[in-house]
There are 2 protein chains.
Amino acid sequence: MGLRIGQLASRTYVNKETIRYYERLGLIPIPSRTAKGYRIYKAQTVDRVNFIKKLKRLGFTLNEIDKLLGVVDRNEVKCRDIYDFTVNKIGEIQHKIEELNKLEKMLVDLKKRCPENKEIYECPIIESLM
Amino acid sequence: MGLRIGQLASRTYVNKETIRYYERLGLIPIPSRTAKGYRIYKAQTVDRVNFIKKLKRLGFTLNEIDKLLGVVDRNEVKCRDIYDFTVNKIGEIQHKIEELNKLEKMLVDLKKRCPENKEIYECPIIESLM
DNA sequence: GTTGACCCTGTACTTTGGTACAGGGTTTAT
DNA sequence: ATAAACCCTGTACCAAAGTACAGGGTCAAC
């Protein structure tokens, strides 16, 4: 009743070695063990690993993810400066969204002007982004 | 008339070694040289380096930045598959924006419930994001 | 004419985020 | 009872994106 590391790995599409690595970093709870030392994970660890994957895709470092998870876990030490951290992160995220919006517009525009990858006429990428 | 590497570095807040590294990767144009071999950069290289910094902050790898710059430079080789690349990037960016919006809402919500970094009551981060 | 602040190349080291064994034990299915 | 498919620890290795010398030359100022 619980998952072994291989099952957790295949359910999350995350390498076994990476899971052990995350354990070393303290990103996932220390699993219980069978009598012979095999790791046994709770089903919710699947969500946890998926959450880590998602944040990674969004550009967070494992260190930042650790802080965010400190909040999830109500970990006194990890989320000591969580207020500043979140305020900061919100600012960063808003900025990132704006910049990504600009970049997206630029790319859409580029794609229009270059309909079948044939000719590239004008591309004021730098000007439009600076 | 032109910048030396130290000036380019201090104007962009990018390490001199990093600038030479970008040159090796082909991200910035090969600068001219003085008689004694000192690199001389055009003023616009400042913009170029800043553009690279900006894309990096947005989560692009140097490899992706190289492709994007291939478009800027109308480089036939570098932007051969630029159409697919941009279509793909647009999708990724849209997805990223959505996810960042969700994360931002979550953080704003968290901040409200934890007004002065004193108590953290509830924090369904995982649930709200999955 | 020498001191300090630059610059050069080349190589080596660092950090982050993993991956890949080696060398060993365990479990399951036949 | 013996493969095949797991799991363990520990160490080594990898790529990306830098960063840090070592060992040498240059230039400006005093």
Side-chain angles (χ1 to χ4, degrees), chain A residues 1-42 45-46 48-70 78 92, chain B residues 1-42 45-46 48-70 78 85 89 92:
Chain A
M1 253 292 46
L3 305 160
R4 279 186 311 176
I5 195 163
Q7 298 174 300
L8 179 56
S10 62
R11 263 163 227 212
T12 56
Y13 303 95
V14 167
N15 207 306
K16 278 187 284 187
E17 328 270 11
T18 304
I19 290 169
R20 286 193 275 252
Y21 176 63
Y22 287 171
E23 182 180 324
R24 281 204 296 290
L25 296 185
L27 295 179
I28 53 175
I30 292 164
S32 53
R33 300 274 184 144
T34 66
K36 291 299 179 183
Y38 285 24
R39 287 171 179 80
I40 297 297
Y41 295 97
K42 285 178 266 174
T45 307
V46 174
R48 181 107 173 178
V49 173
N50 281 329
F51 183 59
I52 292 169
K53 277 176 73 181
K54 176 160 290 185
L55 289 177
K56 250 168 43 58
R57 277 201 306 278
L58 291 178
F60 293 90
T61 66
L62 295 184
N63 211 293
E64 291 174 322
I65 293 170
D66 190 44
K67 269 178 181 294
L68 240 11
L69 287 170
K78 282 188 187 174
E92 271 176 42
Chain B
M1 251 291 47
L3 305 161
R4 279 185 311 175
I5 195 164
Q7 297 174 300
L8 179 56
S10 62
R11 262 162 229 214
T12 56
Y13 303 96
V14 167
N15 206 306
K16 276 186 285 187
E17 328 272 8
T18 304
I19 289 169
R20 286 192 275 250
Y21 176 63
Y22 287 170
E23 182 180 323
R24 280 204 297 290
L25 296 185
L27 295 179
I28 53 175
I30 293 165
S32 54
R33 300 271 185 148
T34 66
K36 290 298 178 182
Y38 286 25
R39 286 170 180 81
I40 297 298
Y41 296 97
K42 282 176 268 170
T45 307
V46 174
R48 181 105 173 177
V49 173
N50 281 328
F51 182 60
I52 293 170
K53 276 177 75 181
K54 175 161 289 185
L55 288 178
K56 251 170 41 60
R57 277 200 306 278
L58 292 177
F60 293 90
T61 65
L62 295 184
N63 210 295
E64 291 174 323
I65 293 170
D66 190 44
K67 269 178 180 296
L68 240 11
L69 288 170
K78 282 189 187 174
F85 177 73
K89 269 301 152 219
E92 271 175 44

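By convention in this document, chain letters (A, B, ...) are assigned in the order of the sequence lines, proteins followed by strands, and residues within each chain are numbered from 1. Scope of the values below: all heavy atoms of this structure, side chains included, with no hydrogens, waters or symmetry mates. From a predicted model like this one, the values you see are computed outputs, not experimental measurements.
A:Lys36 has its NZ atom 9 Å from the C1' atom of C:dG25, to the nearest Å. If you take CD1 of B:Ile52 and C1' of D:dG18, they are 14 Å apart, rounded to a whole angstrom. Distance, B:Ile40 CD1 to C:dC6 P: 15 Å, rounded to whole Å. Atom CG in B:Leu25 sits roughly 10 Å away from atom C1' in D:dG18 (whole-Å rounding).
Here the NZ atom belonging to A:Lys16 is positioned 11.0 Å from the CD atom belonging to A:Gln7, to the nearest 0.5 angstrom. With rounding to the nearest 0.5 Å, the separation of CG in B:Leu68 from CD1 in B:Ile52 is 10.5 Å. Taken from NZ in A:Lys53 to OG1 in A:Thr12, the straight-line distance is 6.0 Å, to the nearest 0.5 Å.
For the pair A:Tyr22 and A:Leu62, the minimum side-chain heavy-atom distance is below 4.5 Å. Looking at heavy atoms from C-beta onward, B:Pro29 lies in side-chain contact with B:Arg48 at the 4.5 angstrom threshold. Between B:Phe51 and B:Leu69, some side-chain heavy-atom pair lies under the 4.5 Å cut-off.
Of the residues near DNA chain C, A:Phe60 and B:Ile5, the one whose nearest nucleotide (by heavy atom distance) lies more toward the 5' end is B:Ile5.
Taking side-chain N and O atoms only, B:Arg4 has no distance below 4.0 Å to OP1 or OP2 of D:dT26. In this model, the phosphate group of D:dC8 is approached by a side-chain N or O of A:Arg39 to a distance below 4.0 Å at OP1 or OP2.
In the set C:dC7, C:dT9, D:dC7, the nucleotide with an atom closest to the side chain of B:Arg33 is C:dT9. Comparing atom distances between the A:Lys56 side chain and each of D:dC27, C:dG18, D:dG25 picks out C:dG18 as nearest.
The two residues B:Ile28 and B:Ile19 have their closest heavy-atom pair at CD1-O, 3.6 Å.
Residue B:Thr61 is in sugar-phosphate contact alone, with no base atom involved, counting any heavy-atom pair closer than 4.0 Å across all strands shown.
For CG of A:Asn63, the number of neighbouring non-hydrogen atoms (other residues, nucleotides, ligands) closer than 6.0 Å is 12 at most.
DNA chain D is contacted by A:Lys16, A:Arg20 of residues 10-24 of chain A, taking any non-hydrogen atom closer than 4.0 Å.
For B:Glu23 and B:Arg20, the salt-bridge test fails: no basic side-chain N is under 4.0 Å from an acidic carboxylate O.
Every stem involving DNA chain D, taken as at least 3 paired positions in a row under the Watson-Crick or G-U wobble test at 3.5 Å, is listed here: C:1-30 with D:1-30.
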